[in-house]
Novice: 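My structure is below; once you've seen it, I'll send some questions.
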Amino acid sequence: MSKNITVYTTNACAYCMMVKKYLDSKGQSYNVINLDEQPDQREKVEAISGVKSVPVTVIETENAEPSVTVGWNPNKLSAALAA
Amino acid sequence: MSDINPLVIVGAGPSALAAAVYTCREDIDTTLYEKGVIGGLAAITDQVDNYPGFAEGIEGLKLAEQLQAQAERFGAKIEFGDVQSITDAGDHKILKIDGNDVLAKVVLIATGSDYKKIGVPGEAEYFGRGVHYCATCDGPFYRDKKLVVVGGGNSAIQEALYLTRFTSHIDLLVRSTIKASEVLQHDLDKAVSDGKITVHLNTTTDEIVATDNVVNKVLATKDGEKTEIETDGVFVFVGLLPNTQFLADSKIELDEQGFIKTDGKLQTTMPGVFASGDVRSGATMQIASAVGEGATAALNIREYLEK
Ligand SMILES: Cc1cc2nc3c(=O)[nH]c(=O)nc-3n(C[C@H](O)[C@H](O)[C@H](O)COP(=O)(O)OP(=O)(O)OC[C@H]3O[C@@H](n4cnc5c(N)ncnc54)[C@H](O)[C@@H]3O)c2cc1C
């Protein structure tokens, strides 16, 4: 099933780097929205995640609710990729 | 029965990665298990100015990437995994990692430490939604907002100074007095005279309060008097706790604060298990010393394996 993945990040965020490295290791392509470069996206990511924090990873799969992972959580990311 | 690894390192912070550079170059097959971020606390630090060899300083994340690349260049294997226990089985140790057993002849524990909580009402409730512990991750959400930073040590001052690039103003709540290096104290004095930071000494943080689920003030006690500080968020940097909870039922002895006791060879009370970096009793909590201890532990591990 094709997945559309978006990772919300900031420049100096090490946990964001871990999420990107993890997705790279799984051969997944993804869009990056860097809040330092696009501060206008802050409210959107806050509305999606409920927190003022990055990384936030949104994995959209056809005909299913998107999965939202806050922080660096490989177990949750792996389950969302497998779904 | 699974194979016995010559060396497993718990953690992949600066101390662990430095040790891996040495052990891999000695041809000791080395696997690191990391439950959080490769590079440890150094990776989440904005700028490191006191690590020797970088005259202009280096971003924490870049230093972490360099340490990782150097260890991997010599063959270190880094796996994601949360080490839950270590048991002595005589000639080898058994590590429980995410529910699976991993065997190792020698183990190096380099698990560092994690942020302490202040333990006041509102702290856990608004975690991530107004209460934060990582300035490099969450600072950009507070562009042009007011913040409270709690703490008066090196980390708190460094993080407060970093946050001034986003915020309109910071109230720094310090329980007693500032205990930071001269350089940081000087930078803080400048931020205070520029009106970016107000320092409140002898001030305890009592509660983090929200209205309609949005953090909007901190209740504090300053010089014995109750006071309220309006804010949009709170960043807490009040010290560190050693990551040794997973050793609670092991035979590895800890000091009163929970740091691992070692002998002159950095070996713990469980033979064949070594410890280095911030997690070790007596550590000086600096990247340079964590890296130095990693190298020392690696050379002692080589000696132990040759016996
Ligand atoms: C805000 C801040 C600013 C700092 N600034 C500086 C500075 O400018 N200069 C300086 O020299 N030092 C600085 N320090 C201190 C420095 O970051 C530490 O001394 C250094 O990172 C210690 O390295 P370490 O490898 O011992 O531990 P850590 O960096 O803490 O790494 C330990 C690693 O082990 C992992 N781990 C823990 N438990 C487990 C487990 N059970 N299973 C698997 N993995 C585990 C952790 O996730 C972590 O990645 C700063 C610290 C902070 C908090």
Side-chain angles (χ1 to χ4, degrees), chain A residues 5-28 30-59 67-82, chain B residues 12-13 33-48 58-65 67-69 72 78-82 98-99 126-145 147 159 162-163 165-166 213-215 232-235:
Chain A
I5 305 177
T6 306
V7 187
Y8 293 86
T9 69
T10 58
N11 285 338
C13 157
Y15 300 97
C16 304
M17 177 195 77
M18 293 300 289
V19 169
K20 290 189 277 180
K21 276 192 180 157
Y22 179 80
L23 293 172
D24 290 339
S25 76
K26 301 286 168 203
Q28 298 284 342
Y30 50 89
N31 312 311
V32 174
I33 296 184
N34 182 331
L35 299 184
D36 283 317
E37 285 155 18
Q38 292 173 261
D40 54 314
Q41 295 288 312
R42 265 179 299 161
E43 279 169 15
K44 183 176 169 196
V45 65
E46 212 181 315
I48 293 171
S49 66
V51 294
K52 289 184 165 71
S53 188
V54 289
V56 170
T57 309
V58 182
I59 303 182
S67 125
V68 178
T69 304
V70 177
W72 160 228
N73 184 339
N75 293 338
K76 187 164 180 202
L77 285 175
S78 142
L81 290 175
Chain B
Y33 286 90
E34 171 57 58
K35 72 168 182 182
V37 172
I38 300 172
L41 284 182
I44 61 168
T45 301
D46 154 49
Q47 173 80 7
V48 177
I58 179 167
E59 285 167 28
L61 195 52
K62 284 218 175 102
L63 179 60
E65 282 176 339
L67 284 165
Q68 179 186 354
E72 285 179 337
I78 306 177
E79 310 277 354
F80 301 128
D82 184 355
D98 291 331
Y126 301 111
F127 172 65
R129 298 183 293 136
V131 180
H132 305 267
Y133 302 85
C134 177
T136 52
C137 307
D138 306 340
F141 285 88
Y142 291 93
R143 211 170 280 276
D144 305 324
K145 304 269 189 204
L147 279 180
E159 298 296 82
Y162 172 76
L163 287 166
R165 70 178 71 177
F166 307 107
N213 253 334
V214 178
V215 167
D232 297 302
V234 181
F235 280 73

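Chain identifiers are assigned alphabetically (A, B, ...) following the order of the sequence lines, protein sequences preceding nucleic acid strands; residue numbering begins at 1 within each chain.
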Novice: Can you tell me which portion of A:V70 sits under 4.5 Å from chain B's heavy atoms? Options are side chain, backbone, both or neither.
Specialist: neither

Novice: Which heavy atom in B:R129 sits nearest to a heavy atom in A:V51, and how many Å separate them?
Specialist: CG-CG1, 3.9 Å

Novice: I need the residue from B:G36, B:G60, B:C134 with the largest number of non-hydrogen atom pairs under 4.5 Å to chain A.
Specialist: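 When all of B:G36, B:G60, B:C134 are compared, B:G36 has the most.
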
Novice: Around atom CZ of B:F127, are there more than 12 heavy atoms of other residues, nucleotides or ligands at under 6.0 Å?
Specialist: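 Result for CZ/B:F127: open.
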
Novice: Measuring heavy-atom distances to chain A, does B:L61 have an atom under 4.5 Å in its side chain, in its backbone, in both, or in neither?
Specialist: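 For B:L61, the contact with chain A is made by the side chain alone.
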
Novice: Side chain, backbone, both or neither: which part of A:N73 has a heavy atom under 4.5 Å from chain B?
Specialist: neither

Novice: Which pair of non-hydrogen atoms, one from B:T136 and one from A:T10, has the smallest distance, and what is that distance?
Specialist: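 Minimum heavy-atom separation between B:T136 and A:T10: O-OG1, 3.1 Å.
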
Novice: Which bit of B:K62 comes within less than 4.5 Å of chain A, counting heavy atoms only: side chain, backbone, both or neither?
Specialist: neither

Novice: Please classify the contact of B:Y133 with chain A as side chain, backbone, both or neither, using a heavy-atom distance under 4.5 Å.
Specialist: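 Answer is neither: B:Y133 stays 4.5 Å or more from chain A.
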
Novice: Are the side chains of B:F141 and A:V54 in touch, meaning some heavy atoms are under 4.5 Å apart?
Specialist: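 In contact.
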
Novice: Are the side chains of B:K145 and A:K52 in touch, meaning some heavy atoms are under 4.5 Å apart?
Specialist: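 With C-beta onward as the side chain, the pair stays apart.
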
Novice: Does B:R143 reach the side chain of A:D36, with side-chain heavy atoms less than 4.5 Å apart?
Specialist: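 Result yes, sub-4.5 Å side-chain heavy-atom pair found.
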
Novice: Below 4.5 Å, heavy-atom pairs only: which of A:S53, A:C16, A:P39 has the largest tally toward chain B?
Specialist: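 Option with the top pair count is A:S53.
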
Novice: B:Q68 versus chain A, heavy atoms under 4.5 Å apart: side chain, backbone, both or neither?
Specialist: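 Looking at B:Q68, just its side chain touches chain A.
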
Novice: Would you name the heavy atoms of A:A14 and B:A43 that are closest together and state the gap between them?
Specialist: CB-O, 3.4 Å

Novice: In terms of the angle between their ring planes, are A:Y22 and B:F80 parallel, tilted or perpendicular, with boundaries placed at 30° and 60°?
Specialist: tilted

Novice: Given that the side chain runs from C-beta out, which part of B:F166 has a heavy atom under 4.5 Å from chain A: side chain, backbone, both or neither?
Specialist: side chain

Novice: Can you see which heavy atom on B:I44 is nearest to which on A:Y15, and at what distance?
Specialist: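 Between these two residues, the closest heavy atoms are CG2-CE1, 3.6 Å.
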
